[in-house]
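Below is one structure, written out as structure tokens; the observations come after it.
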Amino acid sequence: MRRRWKHIFEWSISIAVLSGCLTGCAETISQDFEDFEILTPVATTTTTTEVTEAETEPPVQYQEIAVETPEIEQTDVSLTLEAEDTAIPEYCSVAIMPRLGYSGTGYLSNLSADNNTSITMEVEIPATQHYDITVIAGCDTSSTYEIIANNETIYTLEIETETENFVRSTIQGIFLSEGTCEIIIKPTDGTIDVDCIELTNNTSLYEEDTAIADTPVDSEASDNTVKLYQFLTEHYGSEIITGQYVSDNTDAELEKIYQTTGKYPLIRFDDLQPYSLNGGDAASATVIDDSLAWAEKGGIVGLIWSWNAPTGTADIYTKNTTFSLENAIIDEEVALCSDSELSAMSESRTISEDCYALIQDIDAIAEALQILADADVPVLWRPLMEASGDWYWWGASGADAYTWLWDLLYTRLTDYHELHNLIWIWNGQSDSYLVDEDKYDIASLDLYISTDETFGSRYEQYVALRNMTTDKILAISECSTLPDINTMFRDNAVWSFFGLWYSPYLDEEYTSDDLLIHVYNSEASLTLGDYTG
């Protein structure tokens, strides 16, 4: 049975690129992401319980649930809320020096996390729609502050270094209903000076989406692979495809979903880790057979590869292995070399032992994937995931090493092994790790939140990923709970699919049965039986 640790990511500092715009108020910062913080490692475990007779009974069948979204009133709005016009908290004051470039009669100075101070601005929202909220603030040291609207934290912003004047930080696409709204600025670390808040109607949400590529990047993709890709594009933006990771070949997670909702997910996600040469056991692994069985049922096969380091300790985590990708990189073209050629190159030290072991691992995975190709089963294929976090060895050597490895893997599998049943998912999660657009079909994010947060649509990350890529399908490749269907459509951020990680994320603490029932029975969800491959 496989065990894997997942991280809970906090995306609150999604616009930490403020450091490049500290010269005044001339620039607006919109969503982007370079870094995300690891909060808590969560052990994934699977609990085995005896199945009772009652649990074998057919599950309750639910009526289809309609998508409900508010009526949006697209109205031009431009409001400025001056900080100095609010109730001045203790320890704070209204200043006119030394920061320049403020609006109004001055700015609010010394809003501090140490003093637990905040300011509240009340505003009458003229129309129910999405808004861009711009906070104009400055600081003497790196500081972080929350923006809270109607008692809900909508974003956490960071100003990374001291600022002589002010910095404009814009959060796009915040949904606000018509009526009175309280907006609170509350430092969580450091001290800030606040000039004002600007509130304008959002327009980016309503821009027409970029056309998605008609065919997979592999020009020789099999007919069934093209058919699956076209299924994804046909439903992109109008429905979301359900997906679930399994922890072993019992498919306990899928059965729990079925017993709870009356539906099975359409995508079954599994892991090719057992087929890694170092520490794997391909002879007893069942992932490929399980995937074939799922395809026979009409399901879509999704596979990741938790790639054990090719040499040294058999582990995926940088901290647990001595393998260095840098030692494997070679300028020579090796992706199309035969094993005998590579062996000779290794013996002559033209390539390192690490490089040879790396390619041998790819060849072992190709052998497993070939079985699916021979059965004409297309695969949603996500290798080298979460690279920008550097906790996995394939991301620890930096972006250049990562893109080199991606190119090697893509070329080796597609051109050398002629595997044309793969739809490639890039999950680098940072534009610095972005690979050649001709070598991936889908861009995805892994979105883990704490249990006291609302998942919503994750519109901020959707926009950041959309801005980073062109003509690509966007998906949630891993998540700790399910997205809110209504909010996704309200925010025009309808991801192609989601993949809920296994235990503990199917537990009530993370994903309630009510949420499962609502998502799986929504008219906008695609489940097993909705695809005929």
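Note: hydrogens, waters and symmetry copies are ignored here, and every other heavy atom, side chains too, is used.
Residues satisfying the ring-ring contact (aromatic ring centres under 6.0 Å, His included) criterion with Phe498, sequence neighbours excluded, are absent altogether. For Ala387, the side chain to side chain contact (heavy atoms under 4.5 Å, CB included) partners are Trp394, Tyr402, Tyr433, not counting sequence neighbours. The salt bridge (charged side-chain N to carboxylate O under 4.0 Å, His left out) search around Glu82 returns none, not counting sequence neighbours. Residues that satisfy the side chain to side chain contact (heavy atoms under 4.5 Å, CB included) test with Ser143, not counting sequence neighbours, are Cys139, Thr141, Ile192. Remark: Phe175 pairs with His130 by the ring-ring contact (aromatic ring centres under 6.0 Å, His included) rule, at least two apart or across chains. Scanning for side chain to side chain contact (heavy atoms under 4.5 Å, CB included) contacts around Val77 gives Thr75, Leu79, Pro126, Gln129, Tyr131, Asn201, with sequence neighbours left out. Under the side-chain hydrogen bond (donor to acceptor under 3.5 Å, both in side chains) criterion, Glu255 pairs with Tyr264, not counting sequence neighbours. The side chain to side chain contact (heavy atoms under 4.5 Å, CB included) test applied to Ile65 returns His518, Asn521, not counting sequence neighbours.
Applying the salt bridge (Lys or Arg N to Asp or Glu O under 4.0 Å) test to pairs two or more places apart or on separate chains, those with a residue in residues 433-444 are Asp407-Lys439. Residue pairs meeting the salt bridge (Lys or Arg N to Asp or Glu O under 4.0 Å) criterion with at least one member in residues 139-156, sequence neighbours excluded, are Arg99-Asp140. Within the structure, salt bridge (Lys or Arg N to Asp or Glu O under 4.0 Å) contacts touching residues 494-506 (residues at least two apart or in different chains) do not occur.
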Below 3.5 Å, can you tabulate the donor-acceptor pairs from side chains in residues 522-532 to any protein atom, sequence neighbours excluded?
unit_1	atom_1	unit_2	atom_2	d
Ser522	OG	Ala524	N	3.0
Glu523	OE2	Val67	N	2.8
Ser525	OG	Val519	O	2.5
Asp530	OD2	Thr527	N	2.8

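Aromatic ring centres of Phe166 and Tyr107: separated by under 6.0 Å. Residues Tyr448 and Tyr505 bring their aromatic ring centres within 6.0 Å.
With hydrogens and angles left out, the side-chain atoms of Glu198 and Thr80 include no donor and acceptor closer than 3.5 Å. Side-chain polar atoms of Asn486 and Thr69 form no donor-acceptor pair below 3.5 angstrom. For the residue pair Ser477 and Ser444, a side-chain donor N or O sits within less than 3.5 Å of a side-chain acceptor on the partner. Inspection of the Thr511 and Thr481 side chains reveals an N or O donor paired with an N or O acceptor under 3.5 Å.
Other residues, nucleotides and ligands contribute at most 12 non-hydrogen atoms within 6.0 Å of the OH atom of Tyr91.
Minimum heavy-atom separation, Gly106 to Val94: CA-CG1, 4.4 Å. Taking both residues in full, the closest heavy atoms of Leu157 and Ile147 are given as CD1-CD1, 3.6 Å, listed atom of the first, atom of the second, then distance. Residues Thr451 and Tyr510 share a closest heavy-atom pair of CG2-CE2, 3.6 Å.
By the 4.5 Å heavy-atom criterion applied to side chains, Ile517 and Thr260 are counted as neighbours. Asp218 is not listed as a side-chain neighbour of Trp424, based on a closest heavy-atom distance of 4.5 Å or more.
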Using the rule given for side-chain hydrogen bond (donor to acceptor under 3.5 Å, both in side chains), can you reason through Asp514 versus Ser512, listing the C-alpha separation, both sets of side-chain angles and the distance that settles it, and then say yes or no?
CA-CA 5 Å; Asp514 286 344; Ser512 69; 5.3 Å; no
The test is side chain to side chain contact (heavy atoms under 4.5 Å, CB included); show your working for Asn110 and Ser93 and say whether it passes.
CA-CA 7 Å; Asn110 200 39; Ser93 62; 5.7 Å; no
Do Glu478 and Arg382 pass the side chain to side chain contact (heavy atoms under 4.5 Å, CB included) test, and can you show the C-alpha distance, the side-chain angles, and the key distance before you say yes or no?
CA-CA 11 Å; Glu478 291 180 24; Arg382 183 171 68 102; 2.7 Å; yes
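To the nearest 0.5 angstrom, Ile72 atom CD1 is 7.5 Å from Arg490 atom CZ. Residue Ile442 holds its CD1 atom at 11.5 Å from CG of Leu465, rounded to the nearest 0.5 Å. Going from atom CG of Asp85 over to atom CE of Met121 covers 8.5 Å, rounded to the nearest 0.5 Å.
Between Trp426 and Tyr440, the ring-plane angle classifies as tilted under the 30° and 60° cut-offs. Ring geometry for Tyr462 versus Trp495: interplanar angle over 60°, hence perpendicular rather than tilted (30 to 60°).
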